[in-house]
Amino acid sequence: MRILNLLKIAYKAIVLNKVRTLLTMLGIIIGVASVIAMLAIGEGSKESIRSTISSMGSNMITIRPGTDDRGPARGSGGDVQTLTLKNYDVIKEKSTLLSYITPVVNGGGQVISGANNWPSTIYGVNPQYLDIKVVGLQSGSMFTDAEVKSASKVVVLGQTVVDNVFPDGQDPVGQMIRFDNIPFKVIGVLEEKGENTFGQDQDDVVIAPYTTVQKRILAIDYLNQIMASAVSEDDAPDAVIEVSDILRSEHKLMDNEDDDFSVRSMEELISTFSSTSEMLTVLLVAVASISLLIGGIGIMNIMYVSVKERTKEIGLRMAVGGKGSDILMQFLIEAVLISITGGIIGVILGLGATVFIEKFLHWPTSVAMYSIIISFAVCAVTGIFFGWYPARKASALDPITALRYE
Amino acid sequence: MSKEIIKIQDLKREFTMGNETVHALRGISFTIKEGEFVTIMGSSGSGKSTMLNILGCLDQPTSGTYEIDGVSMKDLSRNQLATIRNEKIGFIFQSYNLLARTSAIENVELPLLYNSAVSNEERRERAIHALQMVGLGERLFHTPSQLSGGQQQRVAIARSLVNNPVMILADEATGNLDTRTSYEIMSLFQDLNSQGITITFVTHEPDIATFSNRTIVLKDGNIIQDYKNNNIQSAAAELAKLPQQDH
Ligand SMILES: Nc1ncnc2c1ncn2[C@@H]1O[C@H](COP(=O)(O)OP(=O)(O)OP(=O)(O)O)[C@@H](O)[C@H]1O
Ligand SMILES: [Mg+2]
């Protein structure tokens, strides 16, 4: 029998049973679309976390006072005062695996320029801060070690602060601002970094020499943090151990005492976050698999019932000379047509949903090719198998038995 | 002397339902020669349809042999049987068995769809011609639900003619027709028969049997009578004798 005839027969059967065909397709469409969308969300969040973290400097090591309670976004060390400038000096002197290191003191306050004011956070650091954070300047310059030494009243602003304090668009470099009523001269503006994955605006910062912040604004003699950069990403874990050892002997901790500080590399942070996002992906995949399974069962049901219901038709086709292979081909083509069409609509819908999620919910998404292939394949195979299997059974009957089937 | 086209010997067909066995055919034998017009009669449940299904290669006997043109059907594969049904046999079912929601012409075309030697145009032409022969030239695109019972029966008859079979097996092909239409159909069958097509015709009505040249009577799965008809009536002549239809 000619393949064209078979296509015609299959097409007619589909058109004759629009509702049933649509229901079958619906299972496939929903199955495919949901898997694609879910996996896109999972993949997207994983990728965005990875890229945020690596943009923060993947060699970065942070040293905080206080014991290590692991959590994603912690503020400063609070009022734990175990980290001092002396610690910083010793680490700087003794460590072999660090390329940059800076003390960090920080505090909140109002940035004021003329009639404009804006609440922000001031970070007291040394010039190496820029290398550690992997951030450049868009204009002006960074303060120097000499300015740190002399506790100069100079600041470098983030773009958000500039936007709010100099709303008229004038060049802030060279202007004077006040932070907590202390006058500072603006000498530079940081490159824009945007929001990080955790929703923090990385441009809402004021950078000043740590000496100035420590003495003139916060009036403290301890440090909130020490930030450093390992010579390479691979050396980061060893650098963490090295810094810990230096600090333990510096703090005169006994072997049975816990650290009164925490040292963490970006590497650890990445693994913490990728494991949560990994879990998220697994969860989404599980949900998607269930919907795919349910879609598959739907396809299975409708295909199975529809072929059963057409046993009489199969009997008649055989009675007028249709061979078993003709019957099988007819149902196979039907199943393939339904599965493929449903699959394609599902892919389009899934991609559409992904774009929608990205645009309107602002969730990062990333469509993985494998999700399209897998979901498509699962639905197509289910559709084809459950169209083919009952048809094969029916076409193995004697024509009269099939004709008699109720 | 013409050759034997159908030959059955000691044909039995039993249906097992649970631990009960129905003996639908209890060992029947006969031969039908090429060009014969045979009517099969017998009361309801006597095994007429069962026998015809076997003759149509739609069903397998429990035991006994069945030969068409000297070839034993037992030895043929399912595909070979399908080809015989497609090319040699025109079968008219007692219950029509038309495809629902499918036009008359497409129903009639069905057997030709499974014959790759027939082109699309030829298939359409032959289907139209067959429908015209049964008087449905005006009803080509009606679906079964839009046709009367008798019209559906005639579509089924057209379908059995469309592949130019060498034998026609008809299971109460006129069961649903009025006298006039059934005489028209019988006249058509007599024409086909005179062109050499062998016809086996199951019927309940004794007057239909008078148009054939032989009658076989079944009872409880056995042949109780098998006689030649020496006084064959012409359906065309009987048709002419019928009172004019009211218009
Ligand atoms: N598939 C089947 N399963 C069980 N019994 C069957 C089956 N087909 C036929 N029979 C039985 O075989 C016997 C003969 O049936 P068949 O259909 O051949 O009768 P028939 O002579 O065609 O009757 P009618 O004139 O009513 O059509 C009946 O008793 C019937 O119940
Ligand atoms: Mg019957």
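Here is how names work: the chains are called A, B, and so on, in the same order as the sequence lines, proteins then strands, and each is numbered from 1. Small disclaimer: the values here were computed from a predicted structure and weren't measured.
Only the side chain of B:Thr102 has a heavy atom closer than 4.5 Å to any heavy atom of chain A. With a 4.5 Å cut-off on non-hydrogen atoms, A:Ala396 touches chain B through its backbone but not through its side chain. Only the side chain of B:Glu106 comes within contact range of chain A, with heavy atoms under 4.5 Å apart. Contact annotation for B:Val118: only backbone heavy atoms (N, CA, C, O) come within less than 4.5 Å of a heavy atom of chain A.
Between chain A and the options B:Leu58, B:Asn53, B:Asn97, heavy-atom pairs under 4.5 Å are most frequent for B:Leu58. The candidate from A:Lys312, A:Arg317, A:Glu313 with the greatest count of non-hydrogen atom pairs under 4.5 Å with chain B is A:Arg317. Of the residues considered (A:Gly322, A:Ser325, A:Gly315), A:Gly322 shows the highest number of contacts with chain B, using heavy-atom pairs under 4.5 Å.
For the atom pair OG (B:Ser77) and NZ (A:Lys323), the distance works out to 9.0 Å, reported to the nearest 0.5 Å. Atom CZ of A:Arg310 is separated from atom CG of B:Leu99 by 9.5 Å, given to the nearest 0.5 angstrom. Note that CD1 of A:Ile9 and CG of B:Leu110 are 7.0 Å apart. Values are rounded to the nearest 0.5 Å. With values rounded to the nearest 0.5 angstrom, A:Asp398 atom CG is found 10.5 Å from B:Cys57 atom SG. The CZ atom of B:Phe93 sits 5.0 Å away from atom CG of A:Leu403, with the distance rounded to the nearest 0.5 Å.
Atom NZ of B:Lys88 has 12 or fewer heavy atoms from other residues, nucleotides or ligands within 6.0 Å. In the displayed structure, B:His204 atom NE2 is contacted under 6.0 Å by more than 12 heavy atoms of other residues, nucleotides or ligands. Within a 6.0 Å radius of CZ in B:Phe15, other residues, nucleotides and ligands contribute more than 12 heavy atoms. Summarising the local packing, CZ of B:Phe30 is surrounded by more than 12 heavy atoms from other residues, nucleotides or ligands at distances under 6.0 Å. Remark: A:Lys308 NZ is packed, more than 12 non-hydrogen atoms of other residues, nucleotides or ligands lying under 6.0 Å away. Taking a 6.0 Å sphere around CD of B:Gln195, one finds it holds more than 12 heavy atoms contributed by other residues, nucleotides or ligands.
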So A:Leu316 and B:Arg159, side-chain contact (heavy atoms from CB on, under 4.5 Å) or not? Walk me through it. CA-CA 12 Å; A:Leu316 176 68; B:Arg159 186 179 59 197; 3.6 Å; yes
Before giving the answer on side-chain contact (heavy atoms from CB on, under 4.5 Å), spell out for A:Val320 and B:Leu113 the whole-Å C-alpha distance, their side-chain angles and the decisive distance to 0.1 Å. CA-CA 10 Å; A:Val320 298; B:Leu113 271 178; over 6 Å; no
Run A:Asn17 and B:Arg101 through side-chain contact (heavy atoms from CB on, under 4.5 Å) and show every step you take. CA-CA 10 Å; A:Asn17 298 287; B:Arg101 287 171 293 166; 3.4 Å; yes
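Here the shortest heavy-atom pairing between A:Met318 and B:Arg85 reads O-NE, 2.8 Å.
For B:Asn107, there are no side-chain hydrogen bond (donor to acceptor under 3.5 Å, both in side chains) partners, not counting sequence neighbours. Contacts of B:Gln60 classified as side-chain hydrogen bond (donor to acceptor under 3.5 Å, both in side chains), with partners at least two apart in sequence or in another chain: none.
Between B:Asp59 and A:Arg404, the closest side-chain pair of non-hydrogen atoms is not below 4.5 Å.
Of the possible donor and acceptor atoms, none in the side chain of B:Arg78 sits under 3.5 Å from a partner among the backbone N and O of A:Gly324.
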